[in-house]
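Heads up, the thing below is written out as structure tokens.
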2 protein chains.
Amino acid sequence: MVKERNTKQKAVILSAVQGTKTHPTAEQVHAMIADEMPNLSLGTVYRNLNRLAEIGKIRRISVTNSPDRFDGDLTPHHHICCTQCGRFCDFFDMEYNENLDRLIEAKSKFSSVRHETVFYGKCEDCKKFEMN
Amino acid sequence: MVKERNTKQKAVILSAVQGTKTHPTAEQVHAMIADEMPNLSLGTVYRNLNRLAEIGKIRRISVTNSPDRFDGDLTPHHHICCTQCGRFCDFFDMEYNENLDRLIEAKSKFSSVRHETVFYGKCEDCKKFEMN
DNA sequence: ATCCTTAATAAGAATAATTTCTATTAAGAA
DNA sequence: TTCTTAATAGAAATTATTCTTATTAAGGAT
């Protein structure tokens, strides 16, 4: 019994996400693949990104004032987003605290807990242009 | 010179958000006020929620697979969301770590840093119904 | 108290983000 | 090679949010 098929589309989408550090949106993933697979549909990109995120092969990151972003880097790290320009970066200089997840599981009635932390602030460039 | 006007709409929207612990979406805030102010427009709800969040009178929370939610409770606390049913709860039993923001500021070139952590897991009810 | 300026509104159109629908294609088991 | 059906392309539909425009009303000035 077949459960999940290995389509070319899925493979290409996965490697596109894994091959960049730009945290692309679905739209951007679609654009990245346009040359290689010109009639890949955006719906297929969304469907596969959703599935890949569900099975944990990529991460999905929900950000205020931005479409969801996807990250092929599964090593524990954080993200920081500029509230002015939307610039979105990795932040590796701090650990992902898995203990928090265990703590939540112990204190709440939720299981399989993980967390997503997004830092928001003003980036260097935007600071320069600020007035008042 | 007038900078910001105190409209009835703004007051009602603010107190609606402050008066609930349900973390309503804009749509839900609009519905909550429907009786009191039947021709309050959804656009006005969005505009005011955005403004109130900007000036820090309420919090905006971006969640995967959900429209943005708003929280009138400014005391430091976290949120946890069920990945199956979307149930969204407060989690108070752990501090908001402001040191993280200061650490990010020190290690990155971002300023005015804050962060939003959302925990995702499977809630008690959804656990019961899980198969396989 | 009335006038005046313009910020904020209602209503709806427009846009953006994402999902759903349907006929067709192609994985991969038999 | 055949067969079943998961996955696709393409487009329509839906959801979330912002924008547009004529109108209203907040609140400072007269």
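Numbered from 1 within each chain, the chains take letters A, B, ... in sequence-line order. None of the values given here were measured: they were computed from a predicted structure.
Straight-line distance from the CD1 atom of A:Ile55 to the P atom of D:dA6: 16 Å, rounded to whole Å. Taking atom CE of residue B:Met37 and atom C1' of nucleotide D:dA25, one finds them 12 Å apart after rounding to whole Å. When the C1' atom of C:dT24 is taken as reference, atom CG of A:Leu40 falls 16 Å away, rounded to whole Å. One interatomic measurement links the two molecules: NZ of B:Lys8 to C1' of D:dA26, which rounds to 11 Å at whole-angstrom precision.
OP1 or OP2 of C:dT19 lies within a sub-4.0 Å distance of a side-chain N or O belonging to A:Asn50. One finds a side-chain N or O of A:Tyr46 lying less than 4.0 angstrom from the OP1 or OP2 phosphate oxygen of C:dT18. B:Arg51 has a side-chain polar atom (N or O) that falls below the 4.0 Å cut-off from OP1 or OP2 of C:dA8. Distances shorter than 4.0 Å separate some side-chain N or O of B:Asn6 from OP1 or OP2 on D:dG27.
Note: A:His77 and A:His23 have tilted aromatic rings, judged against thresholds of 30 and 60 degrees for the angle between ring planes.
Among the nucleotides C:dA17, D:dT17, D:dG10, the one closest to any side-chain atom of A:Pro67 is C:dA17. Considering only side-chain atoms of B:Glu4, the nucleotide from C:dT18, C:dA10, C:dA8 that sits closest is C:dA8. Of the candidates C:dA8, D:dT17, C:dT18, C:dT18 carries the atom nearest the A:Leu42 side chain, counting heavy atoms from C-beta on. Among the nucleotides C:dA10, C:dA8, C:dA17, the one closest to the side chain of B:Arg5 is C:dA8.
Annotation: of the two residues near DNA chain D, A:Thr7 and B:Gln9, the 5′-most nearest-nucleotide partner is A:Thr7. Taking for each of A:Thr44 and B:Thr25 the nucleotide of DNA chain D with the nearest heavy atom, the 5'-most of the two is the partner of A:Thr44.
A salt bridge between B:Arg60 and B:Glu116 is absent, with no side-chain N of the basic residue lying under 4.0 Å from a carboxylate O of the acidic one. Ionic pairing of B:Lys127 and B:Glu124 is not present here: no N-O contact between side-chain nitrogen and carboxylate oxygen is shorter than 4.0 angstrom.
Side chains of A:Tyr46 and A:Asp68: a donor-acceptor N/O pair is absent below 3.5 angstrom, by distance only.
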